[in-house]
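So the structure is just underneath, and the comments pick up after that.
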Number of protein chains: 4
Amino acid sequence: MKIQTPLILVNFKTYLEATGRRAVSLARTAEKVSRETQVSICVAPQFTDIITVVKNVEIPVFAQHIDPIEPGSYTGYVLADAVKEAGAVGTLINHSERQLKLSEIDTAVRIARRKGLVSIVCANNQSISAAVAALKPDMVAVEPPELIGTGLSVSKAKPDIVTATVRLVKEVNPTVTVLCGAGISFGEDVAAALRLGTEGVLVASSVVKAKNPYRVLRAFAEKAKQTFERER
Amino acid sequence: MKIQTPLILVNFKTYLEATGRRAVSLARTAEKVSRETQVSICVAPQFTDIITVVKNVEIPVFAQHIDPIEPGSYTGYVLADAVKEAGAVGTLINHSERQLKLSEIDTAVRIARRKGLVSIVCANNQSISAAVAALKPDMVAVEPPELIGTGLSVSKAKPDIVTATVRLVKEVNPTVTVLCGAGISFGEDVAAALRLGTEGVLVASSVVKAKNPYRVLRAFAEKAKQTFERER
Amino acid sequence: MKIQTPLILVNFKTYLEATGRRAVSLARTAEKVSRETQVSICVAPQFTDIITVVKNVEIPVFAQHIDPIEPGSYTGYVLADAVKEAGAVGTLINHSERQLKLSEIDTAVRIARRKGLVSIVCANNQSISAAVAALKPDMVAVEPPELIGTGLSVSKAKPDIVTATVRLVKEVNPTVTVLCGAGISFGEDVAAALRLGTEGVLVASSVVKAKNPYRVLRAFAEKAKQTFERER
Amino acid sequence: MKIQTPLILVNFKTYLEATGRRAVSLARTAEKVSRETQVSICVAPQFTDIITVVKNVEIPVFAQHIDPIEPGSYTGYVLADAVKEAGAVGTLINHSERQLKLSEIDTAVRIARRKGLVSIVCANNQSISAAVAALKPDMVAVEPPELIGTGLSVSKAKPDIVTATVRLVKEVNPTVTVLCGAGISFGEDVAAALRLGTEGVLVASSVVKAKNPYRVLRAFAEKAKQTFERER
């Protein structure tokens with residue numbers, strides 16, 4: 001599956017505001033904004049909600065994590081085949097809240113590739129981003145964990161990390177799509193991220209916990225569109 | 001929720017034979033046997049499959065694991081609220097393939113209790129069983145990991161572990177239901193487990209990977225019923 | 001080895017003030033106080049410092065942790081045999097900063113017993129204390145992690161946890177020695193701990209980071225002695 | 001500290017044959033071979049033994065692991081400062097038996113660099129080797145875990161992995177020294193490793209568990225010397 005860029009991925013985390021029926025409702029909002037703006041918006045609900053979200057919207061659905069395992073005796077683990085059959089088109093790997101050993105990232109990326117799942121590997125800084133690029137994922141998302149949930153965006157507070165990530169990742173592997181995330185709260189943060197050379201953003205609390213998620217996401221998408229067209 | 005005993009819990013693990021559509025199909029088989037024999041049969045599918053299995057069968061559905069977390073920023077984790085809203089009535093905790101730190105087991109049991117999820121905590125041996133009983137779960141399941149998947153049943157190969165577990169758990173906490181598992185392959189293994197004082201069994205590969213899961217499960221259920229009636 | 005009670009165990013953690021030469025110096029201070037007051041004071045330096053501390057003092061030396069492993073291919077792990085040959089008489093297990101899976105605690109306690117190392121298993125609250133008592137360690141130390149390093153002592157701030165721990169542990173296993181820790185900063189905190197039924201305390205920052213560790217430890221030891229004699 | 005190449009690093013793991021007094025004895029053997037052959041031989045004893053080994057030999061001593069922590073409240077962890085003060089000149093990081101999360105490897109490499117410890121990061125295959133090279137350690141050691149302890153050497157059984165590692169690591173970072181390990185049992189395995197472009201080897205059981213460690217190590221060193229001189 002090819003995901004169109006610029007890309008906004010909404011990570012539902014384990015927020016109650018995006019669990020169960022509310023996951024479906026938020027995914028529908030994302031789909032609406034995507035249709036209206038023609039910007040690619042993906043959602044990453046919890047494992048239990050993937051199948052219902054997939055049935056209710058046509059935008060791409062991601063898992064938040066897969067385990068680096070093959071089918072077998074792994075009670076309580078998350079199997080790529082299960083995520084795939086539930087309808088997910090891709091998965092986050094190594095989110096800063098769910099970090100893996102390096103060899104596990106390598107295995108998870110290989111499994112995702114083999115199963116046809118788009119892999120987005122998260123990294124805390126530019127050197128880690130360069131490291132994961134060597135594992136040949138589809139996308140790398142740099143997210144300084146100290147900014148996650150702060151409302152202080154990586155693209156405004158730490159532009160150097162974003163710029164360095166884009167440069168280092170492309171040096172190692174020019175085919176990898178670079179995203180950034182952490183603290184993205186305003187349309188301007190999205191615009192800044194794209195101007196710094198990324199092709200998309202990861203967002204979470206600013207959308208999920210917003211009084212009006214539609215309005216926030218719509219602002220993000222419009223800024224993404226404007227900026228992306230101007231930059232080309 | 002009160003689960004009737006004797007109880008047979010079928011753990012689907014991450015077997016391909018019990019993933020996605022095949023999870024629903026296997027759950028239907030379990031429901032059929034449960035109806036025919038009037039023995040309580042529960043199923044524990046993967047997270048992604050819980051909601052679909054719940055929609056398709058009326059027997060109790062368990063999660064294979066929950067994380068010891070509250071709603072929030074826990075990308076890739078398994079939230080009790082999500083499992084509950086998907087329709088699970090309970091959860092395994094600390095399966096030998098998905099072991100937790102002791103304080104995490106304590107937290108997971110408390111969360112399950114608060115959310116109204118039946119907690120089945122797994123333990124490798126009798127002293128660990130006694131330890132977890134002190135945390136007041138609903139059920140303790142002793143499963144010596146060295147027997148899992150072997151076809152050599154705990155109730156036949158290590159009856160002393162089962163007997164000791166029943167005794168020690170009841171000493172610590174007489175209200176805890178004791179189950180056993182690992183290697184249960186024949187009706188006679190189920191019978192032996194109940195005669196040793198347990199109120200149910202955990203099964204997995206012998207059912208999931210059987211050529212005819214219906215026949216295997218039916219034999220388990222019949223033996224469970226006969227033995228349970230005789231023992232009382 | 002039998003450790004005399006009341007007992008004060010000074011955990012050096014990975015504080016620079018108690019690393020290398022400074023570990024030896026602090027251990028000598030502890031030995032001096034122990035001699036002067038006739039109260040049993042033990043020290044738990046870092047792994048690298050055990051052997052030098054043992055050579056320089058005659059008070060009991062503990063490891064801060066052992067891994068649940070036998071000799072073999074475990075690069076970077078802490079082997080009970082190595083800790084024992086270095087001269088340690090015992091070890092902490094499952095400190096809240098170095099928690100283990102439940103089955104690992106069970107294995108570590110068994111290994112310690114077999115090697116003749118005194119095992120002190122740490123627990124975050126009373127129900128976890130009761131759980132670990134079922135594994136038959138020599139001592140259980142209840143340390144609510146939210147109080148560690150606060151200067152607010154468990155014996156003053158949460159006396160109920162200490163009392164409940166003593167009661168529950170003794171119910172499960174009357175031969176287990178109960179200690180408590182977290183926030184112990186004044187002689188009065190030590191006295192309170194003993195009055196609540198414990199036989200000793202774990203201390204760390206209040207001694208290690210004190211301007212005058214001798215004075216702090218001396219006050220602890222004197223209060224321990226007075227209280228213990230009065231209580232009997 | 002600059003470690004001379006070609007380099008043979010003897011990992012003592014947690015083998016009883018290399019614990020305590022026997023660690024010192026084996027280190028002396030390594031020193032003897034190093035003197036006789038003028039080949040750089042380093043030893044990596046357990047944490048508890050570092051200080052004694054350092055006092056008894058003049059060859060470089062490595063830790064088997066450091067934790068990615070700063071001084072503070074980390075009971076049971078391995079602090080770089082402690083390892084350094086004990087006299088180690090470097091450390092293994094991410095050995096396949098003691099793997100770290102990717103961000104932990106990044107932090108451990110940075111801490112080692114700041115403390116003046118030589119960092120040898122282990123990797124399971126060529127793409128992981130390339131990934132860790134991006135973190136700028138001093139050395140990368142490729143060790144396919146499936147060959148460790150088999151007697152089947154990586155340089156004979158999987159020469160492609162070694163060649164690819166050398167190439168990929170140098171592309172990412174030409175200043176990184178490349179080592180290999182796993183299954184090195186004969187002098188010829190060492191020679192093959194150097195011919196494939198590495199500058200040294202990691203060895204363990206073939207030396208530690210040998211009837212005559214001196215003879216094995218001497219053969220390794222001689223082959224290393226011959227091959228290295230011929231290759232230049």
Side-chain angles (χ1 to χ4, degrees), chain C residues 11-23 44-55 63-67 69-88 91-100 122 143 145 148-149 202 204-205 208-209, chain D residues 11-23 44-55 63-67 69-88 91-100 122 143 145 148-149 202 204-205 208-209:
Chain C
N11 179 359
F12 288 13
K13 299 197 173 182
T14 49
Y15 293 133
L16 267 193
E17 295 87 347
T19 297
R21 278 154 305 134
R22 285 174 284 188
Q46 292 169 64
F47 307 122
T48 41
D49 296 326
I50 291 174
I51 206 163
T52 328
V53 169
V54 165
K55 276 184 189 143
Q64 293 177 14
H65 163 81
I66 57 168
D67 281 302
I69 56 158
E70 300 293 338
S73 292
Y74 297 99
T75 300
Y77 281 80
V78 179
L79 183 67
D81 304 77
V83 153
K84 174 88 178 180
E85 187 168 339
T91 185
L92 295 177
I93 292 171
N94 195 47
H95 189 277
S96 68
E97 293 158 9
R98 190 73 168 88
Q99 294 184 53
L100 298 177
C122 300
E143 286 205 305
I148 290 180
L202 263 60
S205 60
V208 179
K209 292 181 162 286
Chain D
N11 179 358
F12 289 12
K13 300 197 175 183
T14 49
Y15 293 133
L16 268 193
E17 295 86 347
T19 297
R21 278 155 304 135
R22 284 174 286 187
Q46 291 168 65
F47 308 122
T48 41
D49 295 328
I50 291 174
I51 206 164
T52 329
V53 168
V54 166
K55 276 184 190 144
Q64 293 178 13
H65 163 81
I66 58 170
D67 280 302
I69 57 159
E70 301 292 339
S73 292
Y74 297 99
T75 300
Y77 281 80
V78 179
L79 183 66
D81 303 77
V83 153
K84 174 88 178 179
E85 187 167 341
T91 185
L92 295 177
I93 292 172
N94 195 47
H95 189 277
S96 67
E97 294 158 8
R98 190 73 168 88
Q99 293 184 54
L100 298 177
C122 300
E143 286 205 304
I148 290 180
L202 264 59
S205 59
V208 180
K209 292 182 162 286

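Values in this document were obtained by computation on a predicted structure and should not be read as measured data.
The OG1 atom of Thr14(C) sits 9.0 Å away from atom CG of Asp67(D), with the distance rounded to the nearest 0.5 Å. Atoms CG and CD, on Leu92(C) and Glu143(C) in that order, are 8.0 Å from each other to the nearest 0.5 Å. Rounding to the nearest 0.5 Å gives a distance of 7.5 Å between OG1 of Thr91(C) and NE2 of His65(C). With rounding to the nearest 0.5 Å, the separation of NZ in Lys13(D) from OG1 in Thr75(C) is 4.5 Å. To the nearest 0.5 Å, atom CG of residue Asp81(C) and atom CD of residue Gln46(D) are 8.5 Å apart.
Heavy-atom pairs under 4.5 Å with chain C were tallied for His95(D), Glu97(D), Gln64(D), Lys209(D); the largest tally goes to Glu97(D). Ranking Ser205(D), Ala18(D), Ala63(D), Gly72(D) against chain C, the residue ahead of the rest is Gly72(D), based on heavy-atom pairs under 4.5 Å. When the candidates Pro71(C), Ala82(C), Ser73(C) are compared by the number of heavy-atom contacts under 4.5 Å with chain D, Ser73(C) comes out ahead.
Of the atoms belonging to Leu79(C), heavy atoms from both backbone and side chain fall under 4.5 Å from chain D. Only the side chain of Ala86(D) has a heavy atom closer than 4.5 Å to any heavy atom of chain C. The parts of Leu16(D) that come within reach of chain C are both its backbone and its side chain, each placing non-hydrogen atoms under 4.5 angstrom from that chain. For Ile66(D), no part lies near chain C; criterion is any non-hydrogen pair under 4.5 Å. Residue contact with chain C, scored on non-hydrogen atoms closer than 4.5 Å, involves the side chain of Glu85(D) exclusively. Only the side chain of Thr52(C) comes within less than 4.5 Å of a heavy atom of chain D; its backbone N, CA, C and O stay farther away.
Remark: Lys55(C) engages no residue in a salt bridge (Lys or Arg N to Asp or Glu O under 4.0 Å) (not counting sequence neighbours). Judged as a side-chain contact (heavy atoms from CB on, under 4.5 Å), and not counting sequence neighbours, the contacts of Ala23(D) are Phe12(D), Asp49(D), Val53(D).
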